[in-house]
Amino acid sequence: MEPLITLLVVSGVTLAANAMWFHRDRGLELALRAGLCALFLLTGTVHFVGMRAELIDMVPSRLPFAGLLVTVSGILELAGALGMLASRLVPWAGLGLSALLVAVFPANAVWALSEPNLPWWDELLPRTAIQMVYLAATLTLVRLTSPRRTRPEGPVDGPCAEPERSEGTGRPPPPRRS
């Protein structure tokens, strides 16, 4: 629950600060970058301190090298968090974090189904909903920061040009004979 609270509070404070003082365009982008950076700094850090043993226990037994998997996912989370700080890296960091969220979800689901006496927010349905919030945030950020592809203004010539339409019928005119 702490990561969700971190995402919501940091994003909300950033959005409010932008609205009150900075008045910059792209306020949502800035808020999501700050919130996701804080979220993944928190979750990446606990891969090494505090919850490492619990995270290793969450890795399904059929996967080898549980400690290494936890280390690698922690490094990737920290790298993604740092990627939120560099504008040019944000779309790539968002894609990488989205892929990581999808990749680790099965381990979270197995753990939620097999572990007795979990707090309500760690049970499967709330955990899935929270994971979807994280994924929605990363994918929204990717969409907001990806380079825009725009169509050229004016008529387009060449093989991709739209055919001329006859007035009245809406069909292309018959081919011209030379």
Side-chain angles (χ1 to χ4, degrees), residues 1-19 22 24-52 54-60 62-113 121-122 124-152 160:
M1 186 61 90
E2 292 85 354
L4 178 63
I5 293 168
T6 301
L7 173 66
L8 296 176
V9 168
V10 172
S11 294
V13 167
T14 305
L15 201 56
N18 184 59
F22 303 117
R24 294 199 175 146
D25 292 340
R26 302 181 358 223
L28 179 61
E29 174 192 331
L30 190 63
L32 285 174
R33 285 174 64 181
L36 287 168
C37 181
L39 162 72
F40 285 106
L41 282 175
L42 173 67
T43 59
T45 300
V46 300
H47 282 68
F48 304 100
V49 235
M51 292 181 56
R52 183 170 177 79
E54 184 179 331
L55 292 173
I56 290 172
D57 288 342
M58 287 176 67
V59 176
R62 67 180 177 276
L63 294 176
F65 310 111
L68 178 63
L69 292 174
V70 168
T71 299
V72 168
S73 63
I75 290 170
L76 292 173
E77 288 183 20
L78 292 170
L82 295 177
M84 294 292 140
L85 302 176
S87 295
R88 297 176 90 183
L89 298 178
V90 171
W92 298 105
L95 283 173
L97 290 170
S98 298
L100 184 63
L101 287 167
V102 170
V104 301
F105 181 73
N108 288 325
V110 167
W111 181 75
L113 290 171
W121 60 82
D122 275 339
L124 184 60
L125 289 178
R127 192 173 190 89
T128 301
I130 291 169
Q131 198 83 353
M132 296 303 292
V133 169
Y134 301 157
L135 189 59
T138 57
L139 292 175
T140 299
L141 190 58
V142 168
R143 175 75 173 102
L144 290 173
T145 59
S146 293
R148 307 275 190 263
R149 290 202 166 94
T150 57
R151 292 178 54 147
C160 295

Student: Rounded to the nearest 0.5 Å, how far apart are CG of L4 and CG of L42?
Tutor: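 Result: 11.5 Å between the selected atoms.
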Student: Name the residue from T145, V142, L141 that meets the side-chain contact (heavy atoms from CB on, under 4.5 Å) definition with L32.
Tutor: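 Going through the options one by one, the only one that passes is L141.
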Student: Are side-chain heavy atoms of R33 and S87 found at a separation under 4.5 Å?
Tutor: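 In short, these two side chains touch, coming nearer than 4.5 Å.
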Student: Could you pull out the closest heavy-atom pair between M84 and G94, with the gap in Å?
Tutor: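 Looks like CE-N, 3.8 Å.
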Student: If you look at every heavy atom in R127 and A112, which pair is closest and at what distance?
Tutor: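 Minimum heavy-atom separation between R127 and A112: CD-CB, 4.1 Å.
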Student: Could you go step by step and tell me if F105 and T128 meet the side-chain contact (heavy atoms from CB on, under 4.5 Å) rule?
Tutor: CA-CA 8 Å; F105 181 73; T128 301; 3.4 Å; yes
Student: If you define the side chain from C-beta out and look only at heavy atoms, does anything of F48 sit under 4.5 Å from I75?
Tutor: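 In contact.
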Student: Would one find more than 12 heavy atoms of other residues, nucleotides or ligands at under 6.0 Å from atom CE of M132?
Tutor: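 Result for CE/M132: open.
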Student: Could you state the interatomic distance from CG (L30) to CG (L144), rounded to the nearest 0.5 Å?
Tutor: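 The CG atom of L30 sits 11.5 Å away from the CG atom of L144.
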Student: To the nearest 0.5 Å, tell me how far L55 CG sits from W111 CH2.
Tutor: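 Answer rounded to 0.5 Å: 9.0 Å.
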Student: Indicate the atoms forming the closest heavy-atom contact of G80 with A93, along with that distance.
Tutor: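 Scanning both residues completely, I find the closest heavy atoms to be O-CB, 3.7 Å.
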Student: Verify, without hydrogens or angle tests, whether S98 (side chain) and L135 (backbone) share a donor-acceptor contact under 3.5 angstrom.
Tutor: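 Side chain of S98 to backbone of L135: no pair is present.
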Student: Can you find a side-chain donor-acceptor pair between T71 and R52 that sits under 3.5 Å?
Tutor: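 Yes, side-chain donor-acceptor contact under 3.5 Å.
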Student: Got a second to check how far L41's CG is from L85's CG, nearest 0.5 Å?
Tutor: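 Atom-to-atom, L41:CG and L85:CG are 7.5 Å apart.
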Student: Using only atom types and a distance under 3.5 Å, with no angle test, would you say the side chain of S11 pairs donor to acceptor with the backbone of L8?
Tutor: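 Absent.
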Student: Keeping Y134 on the side-chain end and L36 on the backbone end, is there a donor-acceptor pair under 3.5 Å?
Tutor: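 Looks like no, no N/O pair under 3.5 Å.
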Student: Which heavy atom of S73 sits nearest a heavy atom of L100, and at what distance?
Tutor: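 Shortest heavy-atom separation between S73 and L100 comes out as O-CD2, 4.0 Å.
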Student: For G35 and L7, which heavy atoms make the closest approach, and how far apart are they?
Tutor: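 Minimum heavy-atom separation between G35 and L7: C-CD1, 3.6 Å.
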Student: Which distance, rounded to the nearest 0.5 Å, do you find between the CG of L113 and the CG of N108?
Tutor: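 L113 CG to N108 CG: 11.0 Å, rounded to 0.5 Å.
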Student: Determine which pairs satisfy salt bridge (charged side-chain N to carboxylate O under 4.0 Å, His left out) with at least one residue from residues 97-108, sequence neighbours left out, and list them in order.
Tutor: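 Matches after skipping sequence neighbours: none remain.
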Student: Flag the pair F65 / V59 as yes when at least one side-chain heavy-atom distance between them is below 4.5 Å, and no otherwise.
Tutor: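 A side-chain contact is absent here, since even the closest heavy-atom pair is not under 4.5 Å.
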Student: So, taking the atom named CG in L101 and the one named CG in L97, what distance separates them when rounded to the nearest 0.5 Å?
Tutor: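 The CG atom of L97 is 6.5 Å from CG of L101, to the nearest 0.5 Å.
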Student: Under the side-chain contact (heavy atoms from CB on, under 4.5 Å) criterion, do H47 and L78 qualify, and how do the steps go?
Tutor: CA-CA 10 Å; H47 282 68; L78 292 170; over 6 Å; no
Student: For the residue pair T14 and A31, what are the closest heavy atoms and their distance?
Tutor: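 Nearest pair, atom of T14 first, then A31: CG2-CA, 3.7 Å.
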